[in-house]
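Reviewing the structure listed below.
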Amino acid sequence: AAYDDWRSPLRDGARYALGVALRLPLTDRISAAGTLAHNIRRAKSAVFDLDDSSLRFNLDYQPSERSLYYGSAELRDGDIVSSGRPSLENLGLAEHFVEDDAFGGRDFLSYRFKARVGVLRLGANWRMGPASSLDLSWSRSVARPRDDLPVLDTPGYFAGHVRMVYLVRY
């Protein structure tokens, strides 16, 4: 359980997650993990009241004490929020919508709708010292509305991300 304080009258609220995780060493260098979870978010606006379920699989390969390579795949099914300019397409998909306070004065609306989301991530982590490491990863995300509109070509969201993070433990 957690509380999100975005300083937004729409987004602030509680977040809950319940799930099970299993980690299994396959060899002395390879391990696998799986997670099944349900996430609930209760905000001050119906648009940001979200429920989704997720299934994640992760595979790690550690060829040495200083390096780790990993891959993961995650599937989510449930509510997502997208912001954009008002359109018939967005209004047709939306279960709820509201003027987005994060984009004040720009006529952006936030829409909540049902979707399926897939995320694929590949990465590497290199130990830099006794309490630090460098992590480099690439991910590809795909989100599609669960319900297609019969008269419009329902859009999807596709994004690729490259991320480099310097991690320090203290």
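Note: hydrogens, waters and symmetry copies are ignored here, and every other heavy atom, side chains too, is used.
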- Note on the structure: R23 meets the salt bridge (Lys or Arg N to Asp or Glu O under 4.0 Å) criterion, sequence neighbours left out, with D60
- Whichever hydrophobic residues join L75 through chains of side-chain contacts under 4.5 Å: none
- Task: Mind checking salt bridge (Lys or Arg N to Asp or Glu O under 4.0 Å) for R15 and listing every partner two or more places apart, or none if nothing turns up?
- Result: D4
- Query: Quick one: side-chain hydrogen bond (donor to acceptor under 3.5 Å, both in side chains) partners of T27, sequence neighbours excluded?
  - Reply: none
- Message: Apply side chain to side chain contact (heavy atoms under 4.5 Å, CB included) to residues I80 and S82 and explain how you reach the verdict.
- Response: CA-CA 7 Å; I80 66 171; S82 183; 5.8 Å; no
- Task: For the pair W126 and Y69, name the ring-plane relationship: parallel under 30°, tilted 30 to 60°, perpendicular over 60°.
- Result: perpendicular
- Sort and list the pairs that fulfil side chain to side chain donor-acceptor pair (under 3.5 Å) and have at least one residue in residues 158-170, not counting sequence neighbours. S132-Y166
- Message: Is there a path of hydrophobic side-chain contacts, each under 4.5 Å between heavy atoms, that joins L122 and F57?
- Response: yes
- Message: Going by the rule salt bridge (Lys or Arg N to Asp or Glu O under 4.0 Å), which residues pair with R42 if we only count those two or more places apart in sequence or in a different chain?
- Response: D51
- For A17, enumerate each residue passing the side chain to side chain contact (heavy atoms under 4.5 Å, CB included) test, keeping only those at least two apart in sequence or located in another chain. N39
- Message: Test question: given the 4.5 Å side-chain rule for I, L, V, M, F, W and Y, name all other residues clustered with L18, or answer none.
- Response: none
- Task: Show the numbers, then the answer: is there a side chain to side chain contact (heavy atoms under 4.5 Å, CB included) between F48 and R112?
- Result: CA-CA 7 Å; F48 294 96; R112 184 184 90 194; over 6 Å; no
- Message: If the condition is side chain to side chain contact (heavy atoms under 4.5 Å, CB included), which residues does A21 pass it with, not counting sequence neighbours?
- Response: T35
- Note on the structure: The complete set of salt bridge (charged side-chain N to carboxylate O under 4.0 Å, His left out) pairs with one or both residues in residues 72-81, sequence neighbours excluded, reads D52-R76, R56-E74, E74-R76, D77-R116, D77-R146, D79-K114
- Message: Under the rule for side chain to side chain contact (heavy atoms under 4.5 Å, CB included), what residues qualify as partners of R7, not counting sequence neighbours?
- Response: D5
- What residues form a side chain to side chain contact (heavy atoms under 4.5 Å, CB included) with D101, not counting sequence neighbours? S8, P9, L10, R11
- Message: Assigning hydrophobic clusters by single linkage (Ile, Leu, Val, Met, Phe, Trp, Tyr; side-chain heavy-atom cutoff under 4.5 Å), is F97 placed with F113?
- Response: yes
